[in-house]
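Within every chain, numbering begins at 1; the chains are lettered A, B, ... in the order of the sequence lines, protein sequences first and strands thereafter.
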Amino acid sequence: MLLLTGLDHITDEELRRFKYFAVTEFKIARSTLNTADRTELADQLIQSAGAASAVVKAISIFQKLNYMGIANALEEKKKEAESKYMTNTKKRGTQKVESRSKAEKCSVASATCSDKVFKEPSATGVCPQAKPQKKQMVAEQEAIREDLQRDPLAVMVLKAINPFECETQEGRQEIFHATVATETDFFFVKVLNAQFKDKFIPKRTIKISNYLWHSNFMEVTSFSVVVDAESNHEVRVPDNIIKKAGKTPKINKLRTQPCGTIVNGLFKVQKITEQEDRVLYGIHDGTGTMEVLVLGTQSKPKCEEGDKIRLTFFEVSKNGEKIQLKSGPCSFFKVIKAAKPKTEMKSVE
DNA sequence: GGCGCGCGCGCC
DNA sequence: GGCGCGCGCGCC
């Protein structure tokens with residue numbers, strides 16, 4: 001399962017390079033390797049070297065290919081799995097029930113989970129057919145190297161929106177956004193695997209590890225591990241933080257925020273400018289006005305002056321001297337129609 | 001010392 | 001979650 005998780009995170013081109021090294025590292029015929037897909041490859045590696053040794057060798061290949069993000073993450077997962085195996089072995093027989101319930105709590109997308117995942121790779125939510133663009137992949141690995149947070153962080157879920165389809169580095173997939181908080185802070189989360197939705201239930205405390213920290217938001221990927229916290233380890237979030245987390249920021253405040261700040265909120269529209277591949281919305285509140293740029297809306301939602309727009313995961317962005325809110329690849333945009341004024345009386349006295 | 005801004009709280 | 005009020009702090 002560890003292997004498969006690692007292999008799922010590389011492109012087809014990288015897979016070919018992996019196989020090139022695998023021929024010498026493992027004693028497998030090149031012809032057999034070449035036709036293997038990710039699942040078959042993982043199977044062959046294990047057949048050839050045994051599960052434990054196959055992981056070690058795979059890590060060494062990832063290191064040779066300089067895919068350090070993946071190598072490190074695999075190494076970490078391996079250690080995790082080993083320590084789990086040790087405790088399970090010790091407890092076996094006396095506390096079998098408890099260890100099983102632990103495994104069940106663990107998400108399907110986690111690499112340390114039951115071999116069910118191994119037999120059904122589609123259940124991991126990672127799309128093996130995806131052909132990410134090379135440049136994006138490099139950027140992603142950079143991010144993994146710099147921002148991968150391995151230590152579990154306990155947070156309380158404040159809010160989670162319904163999953164929706166969006167274009168990511170791994171192709172088109174279901175993602176969702178959430179807001180979570182610790183005792184002292186709240187932050188927004190981008191979850192790139194809709195299977196985690198059943199963990200992101202408001203008021204629940206969850207532990208997230210192997211997530212990416214993007215300076216102003218958290219990114220949970222298929223590589224991350226999300227588990228329910230033990231009932232006696234609940235995070236208690238003060239009311240003022242909960243309230244602040246859900247508030248729409250004031251426009252004058254947004255003007256002072258650095259580029260890249262993630263913005264969620266409900267705004268009143270006063271002007272709409274439609275262009276071919278984009279729509280500009282003029283928004284206002286009691287503190288000022290601002291522009292919202294929504295890119296690439298194939299289906300332009302009908303919006304009129306006076307309606308409101310709900311923005312999720314928009315970014316503060318600079319367009320020349322002008323500060324605006326811009327949609328990113330994973331932004332969510334919704335028009336909320338203004339309440340219709342009471343329809344005209346049919347008969348006037 | 002006065003004014004203004006920002007934050008927190010409570011009501012709707 | 002929006003809105004409005006009040007309080008406290010910092011600057012002139």
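The distance from atom CG of A/Leu254 to atom C1' of B/dG6 is 15 Å, rounded to the nearest whole Å. Rounded to a whole Å, the CG atom of A/Asn252 is 13 Å from the C1' atom of B/dC7. Regarding A/Lys247, its NZ atom lies at a distance of 12 Å from the P atom of B/dG10, rounded to whole Å. One can place CZ of A/Arg255 at 16 Å from P of B/dC5, the figure rounded to the nearest angstrom. Rounding to whole angstrom units, CG of residue A/Asn240 and C1' of C/dG2 are separated by 17 Å. As rounded to whole Å, 5 Å separates atom P of B/dC7 from atom NZ of A/Lys253. To the nearest angstrom, C1' of C/dC3 lies 15 Å from CD1 of A/Ile251. Atom NZ in A/Lys244 sits roughly 15 Å away from atom P in C/dG2 (whole-Å rounding).
At distances below 3.5 Å, not a single donor-acceptor pair connects side-chain atoms of A/Thr289 with backbone N or O atoms of A/Ile283.
Scanning both residues, A/Val225 and A/Lys77, for their nearest heavy atoms gives CG2-NZ, 3.3 Å.
At the heavy-atom level, A/Lys250 lies under 4.0 Å from the strands shown only through sugar-phosphate atoms.
In the interface, the side chain of A/Lys243 is paired with the base of C/dG2 through a donor and an acceptor atom under 3.5 Å apart.
Across C/dC3, B/dG8, C/dG2, the shortest atom-to-atom separation from the side chain of A/Lys268 is found for C/dC3.
Annotation: cation-pi pair A/Lys57/A/Phe26 present, NZ/CZ under 6.0 Å from the ring centroid and within 45° of its normal.
Two residues are said to be in side-chain contact when any heavy atoms from C-beta on lie closer than 4.5 Å; A/Ser222 and A/Asp8 fail this criterion.
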